[in-house]
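What's counted below: heavy atoms across the whole structure, side chains too, no hydrogens, waters or symmetry copies. Just so we're clear, the structure is a prediction, and the values are computed from it rather than from any experiment.
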Amino acid sequence: MGSSVDRSAVGLRSERGPILGGLMLSTGLIAIDATILATAVPSIVRDLGGYQQFPWLFSVYLLAQAVSVPIYAKSADMIGRKPIILIGIGLFLLGSVLCGFAPGMLWLILFRIVQGLGAGAVGPMAMTIVGDIYTVAERAKVQGYLSSMWAIASVVGPALGGIFSQLGIWRGIFFVNVPLCALAGWMLIRNYHEDKHEQRHRIDFGGAALLTLGLTGIILGLLEGDSAWAWISVPSAICFGGGALALVAFAAVERRASEPIIDFSLIGRRLILSTTVVSFGIGALLIGVTSFAPAYLEGSLGIPPLLSGLAVAALTLGWPLASANSGTLYLRIGFRRTATIGMSTAVVASILLAVTGPWPNAFTVAGIAFVLGLGLGWSSAPVLIAAQASVGWGERGAVTGMNTFARSAGSAVGVAILGAISNAVIARGAGPDDPATIVSASTGVFIGVAITAAVTLGALMFMPRDYAGAGGASTDGAPAGGASAS
């Protein structure tokens, strides 16, 4: 298993430093992907066609990520975190290469599924490993290191996406993942030797299939309704009706399953339920701005992809800055109060974005996006760590997976609903090449973002007050699992 870890230091030069470095690179994979693609969407559409299909590039990725997270979480509790995160890195690498060679929009959408399956393991496992080898107090410091990857990605991602797009080589946005995947995998293979608490589990593949079928039906109906077919039509009825029935069947199966893919007994706990709902809303908020704002600025103002990407990058810069400092705040005033401050800030920013939507301005979008990022950063970290700290090692993977699943599902459903709003306005306007139509469609999307922020703030009010690490990990106690660095 390796030597015992030195828990007296936190940082890249400590004994756990090489593990932290590998986790930072793994987080960087997801961060770069989240910030680089949206900037290149107009260029991809010009090359491959299908403006109304571009939300699928995000929704299928997020759907694959969301559905796979609970499976990875259960598997991690069975065989350990290390094999799962390495599988995720491998799938993400494969998906990136396939996307880089995609001959058409349909193939690109399909290959994004492979990327999403990889991301479903990488993100949650990185946070779960952090929860295993660091205490709650230490995680407040470690969060700053992980958040730095988002800060770097917030500048590097949009810049690379913009440069590749302007040079006409948008496929390069996928190939940059190749060396990052190789380095992250090598560092974890060499340095991370976990102390596994192996548990026997049965993977609920039937539940996963029903969940995938249900969410796919709903998302398909939302994105293609009033575009490929009318809202009131047989295809819409099949999509929404079939999706709803599959989700109802999923809920019924999960209640009888010995090892459900989503443990409703966990959701029955007030803390887990409230943090899960908030994470769902955060996912929808994030995707609503990062996916649609670049096309809004480029389509209305005609600015180059590099500038539109940098404007939206302000959000992914504000997020890690706030997240890195949230630890000091939630250890002082509590998880709920910190998250409430953050989500209140996000509500104000999203309302401003909706109000200023009819008058596109890159500087306005950048300023509002930065404030929105601050709000989401102050909300997301306290919510996740509060959920993690409420359970022991055996449930930490499932809880982390549920939180990540909720955020991914929120993004997948959010981009579908917001995409439906955008497509409906474009269909009734002068088309995707008309600046006025793009402004109207984007303003509708931003109004949806503001409503989502308000609802998420309301859900946060159900989170228990003054929560402070009960149940499986105290503020100053050792984590339930461990690892060693060599």
Side-chain angles (χ1 to χ4, degrees), residues 30-31 33-34 38 55-70 73 112 116 119-120 123-124 127 150 211-212 214-223 243 247 250 261-262 266-267 272-293 315-316 319 323 339 342-343 346-347 349-350 353 372-373 375-384 386-387 399-422 445-463:
I30 309 304
D33 186 82
W56 280 107
L57 294 174
F58 301 97
S59 62
V60 296
Y61 172 92
L62 293 162
L63 178 60
Q65 183 181 26
V67 173
S68 63
V69 162
R112 284 282 286 170
M127 291 305 301
W150 284 93
L211 180 60
T212 302
L215 289 177
T216 301
I218 299 297
I219 291 172
L220 179 63
L222 288 169
L223 285 178
L247 292 178
F250 166 74
I261 193 171
I262 294 181
L266 288 176
I267 295 180
I272 303 299
L273 174 61
S274 57
T275 54
T276 299
V277 174
V278 171
S279 294
F280 186 95
I282 289 174
L285 285 170
L286 177 64
I287 202 70
V289 177
T290 57
S291 297
F292 291 93
L315 185 152
T316 47
W319 181 312
S323 183
M343 192 50 59
V347 169
S350 59
L353 188 62
L372 180 60
L376 295 179
W378 282 322
S379 304
S380 60
V383 163
L384 171 61
V399 166
T400 304
M402 187 178 299
N403 187 281
T404 309
F405 164 79
R407 186 180 299 180
S408 299
S411 293
V413 174
V415 76
I417 294 174
L418 298 174
I421 294 172
S422 175
V445 168
F446 299 150
I447 292 173
V449 168
I451 294 172
T452 302
V455 172
T456 305
L457 177 60
L460 187 58
M461 295 300 100
F462 289 94
M463 186 174 172

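Interatomic distance, Ser68 OG to Leu63 CG, rounded to the nearest 0.5 Å: 9.0 Å. Summarising the geometry, atom OG1 belonging to Thr212 is positioned 9.0 Å from atom CZ belonging to Phe250; distances are rounded to the nearest 0.5 Å. Between the CD1 atom in Ile417 and the OG1 atom in Thr452 there is a gap of 7.5 Å [rounded to 0.5 Å].
For the pair Trp56/Leu220, a side-chain contact is recorded, criterion being any heavy-atom separation below 4.5 Å from C-beta on.
When the side-chain contact (heavy atoms from CB on, under 4.5 Å) test is applied to Ile272, the partners found at least two apart in sequence or on another chain are Leu266, Arg269, Thr276, Ala387, Ser390, Val399, Met402. Residues that satisfy the side-chain contact (heavy atoms from CB on, under 4.5 Å) test with Ile218, not counting sequence neighbours, are Leu222, Phe240, Leu247. In this structure Ala119 satisfies the side-chain contact (heavy atoms from CB on, under 4.5 Å) test together with Ile30, Tyr61, Gln65, Phe92, sequence neighbours excluded. Applying the ring-ring contact (aromatic ring centres under 6.0 Å, His included) criterion to Phe292, with sequence neighbours excluded, gives Phe54. Checked against ring-ring contact (aromatic ring centres under 6.0 Å, His included), Phe58 has no partners two or more places apart in sequence or in another chain.
The nearest pair of heavy atoms linking Ser422 to Val445 is CB-CG2, 4.0 Å. Of all the heavy atoms in Met343 and Thr456, the pair that sits closest is CE-CG2, 3.7 Å. Across all non-hydrogen atoms, the minimal contact from Ser379 to Pro382 is O-CD, 3.4 Å.
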Can you give each donor-acceptor pair under 3.5 Å made by side-chain atoms of residues 277-289, sequence neighbours left out, with the distance rounded to 0.1 Å?
from   : atom 1 : to     : atom 2 : distance (Å)
Ser279 : OG     : Thr275 : O      : 2.9
Ser279 : OG     : Asn403 : OD1    : 3.3
Ser279 : OG     : Asn403 : ND2    : 2.9

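For Arg112 (side chain) and Leu57 (main-chain N/O), a donor-acceptor pair under 3.5 Å exists by modelled atom type.
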